[in-house]
Structure formats: C-alpha cells, structure tokens
Amino acid sequence: MKLQAAAVFNSDMVLQREAAVPVWGTAAPGAVVTFRLTPGGLFARTTADPDGRWTLTLPPQPAGGPFTATLQSGDDTQTFTGVYFGEVWLAGGQSNMELPLSGSRNGEAVLAACHDELLHFYETPKMTTVEAAEAAPSRWQIVGPETAANLSAVAYYAARELAHALHVHVGILECFWGGTYAHCWLLRELLATFPEGRRRLAWYDARVGNKTDAEFDAELAAYQAEVDSWNARIAARRAADPDVSWTVLNEECGLYPWPPPAGRTGFQRPGNLYESMLRRVVCPYALRGFWYYQGEQDEE
C-alpha cells in the first residue's frame, strides 16, 4: 500500500492556526510516516496501524506561510506547496449555501474581480458513495475568476470579510447539497439511537423497499431528464423576460420536479453524505467553525 494522505490534504491548502492539526491517510501496515514543514522545520511522525491507517498531529502554529509540506514513508513521498496556517471554516447547508458566486447578484462582475490570494477553497465532490468519492478529483484552489465560478457566494463573502479583517489566509471547506435533510449528514448508527432518527431511517428504507440499484439508476435517469426539461423551460422563459417572477414561472413552466426517487445510493438516504462527503474531508480536519445556511422565510 502506497503512502496517501486523505484527499483534503494537497497544495494551496489552509491549516487551522493556533490549534492542534490532525493529518491522516493510509500507508503500508506498520510503516513509519513523517511530516515535515519547510521553512521552519516543523516535524511529526507516526506509525500506520495494521489496516494501514495513520494519523499524526501537528502542534498549534501561528498564522503564516507559504510553506512546503512533505509526507514520507520509506521511498514514498508526497509534497504539497503553498500551504498556509490561517482560519478554516466549513460551509454547509442546502441550495442557499450552494448558490454559486457566478449566479449571485452582479455575479459576472464580482467573479471577474474576485482574485484574492488570501482566499482558498476546497470543493468536496458531490458523491453518494465512498467509492465514487475516492475516485473523484478534488483539490484546494485559490479564489480567482478562473476557479471561483461555482464557489458558494455566501461562503465567498463571509471569507472575504474575515480574511481582510484579520489579515490571514482563510480556507473554505465546501460540503453541501441542495434538497438534503439533516439525516443525510449524520451517521446511520447515530440516527438509530434516538426516536426521530429511527423514524427517518424507517421512512427512507420503506421508500427503497426491494428496489435494486439498477432499478434506482433507471428511475434517477428518468428523474434527471424531467429536471433538465424543467430547467430548459425556465431558461427559455427567462430569456424572453429576464424579470419574470417565480409566480409566473411556476404557472407557465410547472413546479420543480420533487421529490427525487429513493435508492440505496440516493443523495437523500440517511447517512450517505456523512460517509461520502462530510466524514472524508472534515473528520477530523481542524476548523475554526461552521457556516450553515439553510434559508429563510418571510413572516406572513
């Protein structure tokens, strides 16, 4: 087994300042794994367990960088450049947090002028199984016109204010999915320990029933075709009248197709996104805190 840090560790990353920072991954069982940061000479080491998993912890560091981080185990080496210690925040929620910078108010103009070396982001691949997530490419990026079109608008504005108020690099861990329930982001074993969690497990599992993965895939493809058709109708109507209201859109184009089908690999299945997204990148990545945006509703 080759040395491999978890996917969330790569070049241009931000590590949490003034806190113990876990770094984890896999290597040959029993292999010694070392971590070195230059300049400065910060060093840590650990040994992979019998399953090849390893975790080491860096002592708290002040804000600073750029550094080069080198992981080594025997002849295997991974090197990450442009590493900073700063503030790290997890951006989670539903479609309100998912709204991209390019699609926000004055999005095109903001995107064109958004280059900021203090802002880094990691977009967690939107996958519903660990296997698919592990195969999906992912990396930290610096905010700029070429990278940030799909960056969460809410997270961008929050990070920009924070970075320039504190004069430190800020890292955004994006981990969200529109239309998800709280149960999607919790461990299934945890959900089974309290009444509402058990009710959600039973509710979704009953919707799946004896459905095979192939049957679910066919349902999902048909559903996506319906969503694509709805999006095309909305786009055409907006092209004819950019100021058209949602009331008119719903009347003329129909309501958004909902709910999606249920299946073992569905994005709404309890626990799926905890395993394939949240657990993979955040547990136990060191954070300052969590930005969560579910949305709001006007009082009537």
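In what follows, residues are counted from 1 in the order of the sequence shown.
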Under a side-chain separation threshold of 4.5 Å, the hydrophobic residues clustered together with Val208 are Tyr181, Trp203, Tyr204
I'd like to know if the side chain of [X] and the backbone of [Y] have a donor-acceptor N/O pair within less than 3.5 Å.
X	Y	answer
Thr46	Leu56	no
Ser73	Asp76	no
Gln72	Gly74	yes
Trp24	Pro284	no
Trp54	Thr26	yes
Thr128	Asn272	no

Residue pairs meeting ring pair (Phe, Tyr, Trp, His ring centres under 6.0 Å), one or both in residues 146-174, sequence neighbours left out, come to Tyr84-His169, His120-His169
List the atom pairs, donor and acceptor, that lie under 3.5 Å between side-chain atoms in residues 235-244 and the rest of the protein, sequence neighbours left out.
unit_1	atom_1	unit_2	atom_2	d
Arg237	NE	Glu252	OE1	2.5
Asp241	OD1	Asp243	N	3.2

Centroid-centroid distance, Tyr292 to Phe176, less than 6.0 Å: no
Which pair of non-hydrogen atoms, one from [X] and one from [Y], has the smallest distance, and what is that distance?
X	Y	value
Pro39	Pro66	CD-O, 4.1 Å
Ser276	Ala133	O-CB, 3.4 Å
Thr180	Cys184	CB-SG, 3.9 Å
Ala27	Met1	O-SD, 3.1 Å
Phe80	Ala5	CZ-CB, 4.1 Å
Ala20	Pro60	N-CG, 3.8 Å

Any side-chain heavy-atom pair from [X] and [Y] closer than 4.5 angstrom?
X	Y	answer
Arg279	Leu187	yes
Trp177	Met277	yes
Val23	Leu15	no

Rounded to the nearest 0.5 Å, what separates atom [atom1] in [X] from atom [atom2] in [Y]?
X	Y	atom1	atom2	result
Thr38	Arg36	OG1	CZ	8.5 Å
Cys283	Tyr274	SG	OH	4.5 Å
Thr81	Asn10	OG1	CG	9.5 Å
Thr124	Leu173	OG1	CG	6.5 Å
Ile172	Glu123	CD1	CD	11.5 Å
Arg207	Arg269	CZ	CZ	13.0 Å

Residues 14-27 vs salt bridge (Lys or Arg N to Asp or Glu O under 4.0 Å), sequence neighbours excluded, gives Arg17-Glu87, Glu18-Arg288
So salt bridge (Lys or Arg N to Asp or Glu O under 4.0 Å) across residues 91-108, not counting sequence neighbours, yields Glu98-Lys126
Using the test salt bridge (Lys or Arg N to Asp or Glu O under 4.0 Å), find all partners of [X] that sit at least two apart in sequence or belong to another chain.
X	value
Asp228	none
Arg53	Asp49, Asp51
Glu174	none
Glu196	Arg199

(Q) The test is side-chain contact (heavy atoms from CB on, under 4.5 Å); show your working for Leu71 and Val33 and say whether it passes. (A) CA-CA 7 Å; Leu71 278 168; Val33 178; 4.1 Å; yes
(message) Let's go through Val14 and Val168 carefully: what are the C-alpha distance in whole Å and the side-chain angles of both, what is the deciding distance for side-chain contact (heavy atoms from CB on, under 4.5 Å) to 0.1 Å, and is it a yes or a no?
(response) CA-CA 10 Å; Val14 179; Val168 298; over 6 Å; no
By side-chain hydrogen bond (donor to acceptor under 3.5 Å, both in side chains), Glu226 pairs with (sequence neighbours left out) none
Are [X] and [Y] connected, step by step, through hydrophobic side chains (Ile, Leu, Val, Met, Phe, Trp, Tyr) whose heavy atoms are closer than 4.5 Å?
X	Y	result
Leu255	Ile234	no
Leu118	Leu151	no
Leu90	Tyr293	no
Leu273	Leu191	yes
Met13	Leu287	yes

Note to self: With a sphere of 6.0 Å drawn around CZ of Arg45, does it hold more than 12 non-hydrogen atoms of other residues, nucleotides or ligands?
What the structure shows: no
Stepwise side-chain contact (heavy atoms from CB on, under 4.5 Å) check, Ser152 with Phe121: CA-CA 10 Å; Ser152 162; Phe121 69 99; over 6 Å; no
Donor-acceptor contacts under 3.5 Å from residues 134-144 side chains, at least two apart:
unit_1	atom_1	unit_2	atom_2	d
Glu134	OE2	Arg280	NE	3.3
Ser138	OG	Tyr122	OH	2.7
Arg139	NH2	Gln141	OE1	3.4
Trp140	NE1	Val8	O	2.7

- Report the C-alpha distance between Leu99 and Val154 in whole Å, list the side-chain angles of each, state the deciding distance to 0.1 Å, and finish with yes or no for side-chain contact (heavy atoms from CB on, under 4.5 Å). CA-CA 8 Å; Leu99 176 72; Val154 172; over 6 Å; no
Acceptor/donor pairs from residues 258-266 side chains to any protein atom, 3.5 angstrom cut, sequence neighbours excluded:
unit_1	atom_1	unit_2	atom_2	d
Arg264	NE	Asp213	OD1	3.2
Arg264	NE	Asp213	OD2	3.2
Arg264	NH2	Asp213	OD2	2.7

